[in-house]
Amino acid sequence: MTKVKSNSESRSEDVEGPDGGWGWVLLAALFVSTSLVFGLMRSLGVFFVEFVQYFEESSQAVSWISSTGLAAQQFFSPLGAALCNAYNARLVVMTGGFLAGLGLILASQATCLAHLYLTMGVISGLGWGLVFTPMVATVMANFTRRRTLALGLAFSSIGLSSFAFNPLFQLLVEMYTWRGALLILGGLSFNIVACGALIRPKKRSEAPAKVDPDSRSSCVAQLQRVSSYLELSLLCERPYITYTLAISLLNAGYFVPYFHLVAHSRQAGFSEYQAAFVMSAAGATDILGRVVSGWFADLRHFRLIHLLSFWTALAGVFIMLLPVSSLSGSYVALVAISLLYGFCSGALTSLAFAVVPLIVGVERMMGALGLLQLIESGAGLLGTPLSGLLKDITGNYMASFMVVGSFPILGTLTMATLPHFFSCTDSPPPQRRSLDDKDKGLNSELEQMNSLPSDTSSRIAE
């Protein structure tokens, strides 16, 4: 078994590329950019209470702000991946950083929730979508053996920023109101432009789809080229669809505590800073979970898909326990469960991305990540409003956390249906056949078919 595993690992290392070098600089850029995307997104719960009070709207209506931003980030990820395949990642990421900051600055002048949906949701979400997937794919392409650890270190910025941003945002809101705080956050987001500038442009290989202009119309040729940039062929592969469904179920409940845990803590009778500290505590263990999980996964004692399933199931359980822990009014119990949830949610994040090249191969990783973000955006869009709706119906967050906590558990069961899930070794990832190889295979088959009649006639003559 060890020989088989070592052989498969050596083959994957030969295909997947380098292991560091300039990748460490790109890792630092990913560290900063993810903190200004998901770290900021996680800390928007501080503004949730302010928006409810200022606009006098329901929790469900305000929840659509964060859900729209998350869904837009994931919905536009294929666009970012396609633009990177067509042009270069540096320009795409720098444009995304500008849009992310612009959306937050415009949001500071909002007069109704519709303005926040458009600015914080659509404009900033579009910017985040152009930043995250290209940065992650660029870093993953520069690491092989230490890929999971590299992602864990980079994604630890999300937990670190969550730990720092929650009390910082609360302080900014108290000093400058929520409008001034959003204006400052917009300025901070412009730092993503500098992170994108660190990406070295690479010589872009020709599009895998080659079209004969004599036999195809220009419209069909363009559609085929766009399909190749988006890697739409992945949607016909069962392992990728199964994995995408599992991650979508996880995504439906993953972000809910980061948006509603502060409001739940306030409703449970704790002060504003105590509620903000709950999220900061979860962010602290989130950092530890990402680094420890990445380090342990790269030891190769267990398959990555098995570790991902384990941490996903635990995250779902702890989400369901969050409102239970505060029933007795114990602040210590709430913090303890938040710490455990933070560790599990951090541990699964880098694994969710590291499994993708094992399913589709490194060559199709950029498009696969974009499509994954697009498909799971629907679940991310519905998760937080569903939690807010259940809160409006029941008057508390008990049913909200119970329902959304069941989604990651369903995602774990879905992963168990992947081919070779119960095997102890990873199967080699599929390699994309170029159109030239397909043409050669087709020509050889045609030659064999053309040779059959002559062989048959000669046999008859004999």
Side-chain angles (χ1 to χ4, degrees), residues 5 8-9 12 16 34 38 74 133 136-137 139-140 143 145-156 158-159 234 237-255 285-319 340-362 365 368-369 371-373 375-376 379-380 405-427 429:
K5 183 183 293 186
S8 63
E9 289 178 357
S12 63
E16 291 171 3
T34 50
F38 285 102
Q74 296 172 332
T133 299
V136 171
V139 170
M140 291 176 68
F143 288 90
R145 295 184 303 275
R146 292 174 288 187
R147 177 179 295 156
T148 311
L149 176 61
L151 290 178
L153 290 173
F155 290 160
S156 65
I158 302 177
L234 291 170
E237 300 180 9
R238 177 180 171 269
Y240 180 76
I241 291 298
T242 303
Y243 184 73
T244 301
L245 176 60
I247 298 300
S248 298
L249 290 171
L250 163 65
N251 198 53
Y254 179 82
F255 287 98
T285 54
D286 183 287
I287 303 171
L288 182 63
R290 293 170 191 270
V291 177
V292 171
S293 173
W295 167 78
F296 183 75
D298 284 338
L299 296 178
R300 306 296 181 184
H301 293 317
F302 300 94
R303 291 180 61 194
L304 297 185
I305 190 65
H306 293 163
L307 293 175
L308 176 60
S309 301
F310 176 74
W311 294 120
T312 300
L314 285 182
V317 171
F318 289 129
I319 290 175
L340 292 173
Y341 167 73
F343 185 90
C344 295
S345 64
L348 65 88
T349 305
S350 58
L351 291 171
F353 291 96
V355 169
V356 173
L358 299 179
I359 296 178
V360 303
V362 178
M365 180 174 58
L369 289 175
L371 288 175
L372 174 63
Q373 296 275 298
I375 296 173
E376 69 174 346
S406 64
F407 290 129
I409 297 176
L410 291 176
T412 302
L413 297 177
T414 305
M415 290 182 202
T417 64
L418 283 168
H420 312 293
F421 176 84
F422 297 99
S423 174
C424 296
T425 57
D426 290 317
S427 58

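Separation of atoms CG (L340) and CZ (F318) is listed at 4.5 Å; rounding is to 0.5 Å. Separating the CG atom in D286 from the SG atom in C344 is a distance of 10.5 Å, to the nearest 0.5 Å. Here CD1 of I247 is found 10.0 Å from CD of Q373. Values are rounded to the nearest 0.5 Å. Annotation: the span from I305 atom CD1 to L358 atom CG amounts to 8.5 Å, rounded to 0.5 Å. Rounded to the nearest 0.5 Å, atoms CG (L372) and OG (S248) are 7.0 Å apart. Summarising the geometry, atom CD1 belonging to I375 is positioned 9.0 Å from atom CG belonging to L234; distances are rounded to the nearest 0.5 Å.
The main-chain N or O of A368 is found under 3.5 Å from a side-chain atom of Y240 such that the two form a donor-acceptor pair. In terms of modelled atom types and a separation under 3.5 Å, the side chain of T412 and the main chain of P408 share a donor-acceptor contact. Y243 places a side-chain N or O within donor-acceptor distance of the main-chain N or O of A352, the cut-off being under 3.5 Å. Using a distance-only test at 3.5 Å, with no hydrogens or angles considered, no donor-acceptor pair links the side chain of R290 to the main chain of T349. Looking at T312, its side chain never comes within 3.5 Å of a backbone N or O of S309 through a donor-acceptor pair.
By the 30° and 60° cut-offs, the orientation of the rings of H306 relative to F421 is perpendicular.
Here the closest non-hydrogen pair linking M415 and A246 is CG-CB, 3.5 Å. For L149 against D298, the heavy-atom pair with the smallest separation is N-OD2, 2.7 Å. Counting all heavy atoms, side chain and backbone alike, R147 lies closest to M140 at NE-O, 3.3 Å. Of all heavy-atom pairs between S423 and R303, the closest is O-NH1, 3.0 Å. A pairwise comparison of heavy atoms in T34 and A154 identifies OG1-O, 3.5 Å as the closest pair. The minimum heavy-atom distance linking G405 with I319 is given by the pair CA-CG2, 3.7 Å.
T133 meets the side chain to side chain donor-acceptor pair (under 3.5 Å) test with S77; sequence neighbours excluded.
Considering only heavy atoms from C-beta on, F296 comes within 4.5 Å of F302 through its side chain. Looking at heavy atoms from C-beta onward, S293 lies out of side-chain contact with L307 at the 4.5 angstrom threshold.
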Checklist entry - Where do L369 and V356 land on the side-chain contact (heavy atoms from CB on, under 4.5 Å) test, with the steps shown first? => result CA-CA 7 Å; L369 289 175; V356 173; 3.9 Å; yes

Next on the checklist: With ring pair (Phe, Tyr, Trp, His ring centres under 6.0 Å) as the criterion, how do F353 and F155 come out once you've worked through the C-alpha distance, each side chain's angles and the decisive distance to 0.1 Å?
Outcome noted: CA-CA 11 Å; F353 291 96; F155 290 160; 5.4 Å; yes

Item to check | Step-by-step side-chain contact (heavy atoms from CB on, under 4.5 Å) determination, F407 to Y254 | outcome: CA-CA 9 Å; F407 290 129; Y254 179 82; over 6 Å; no

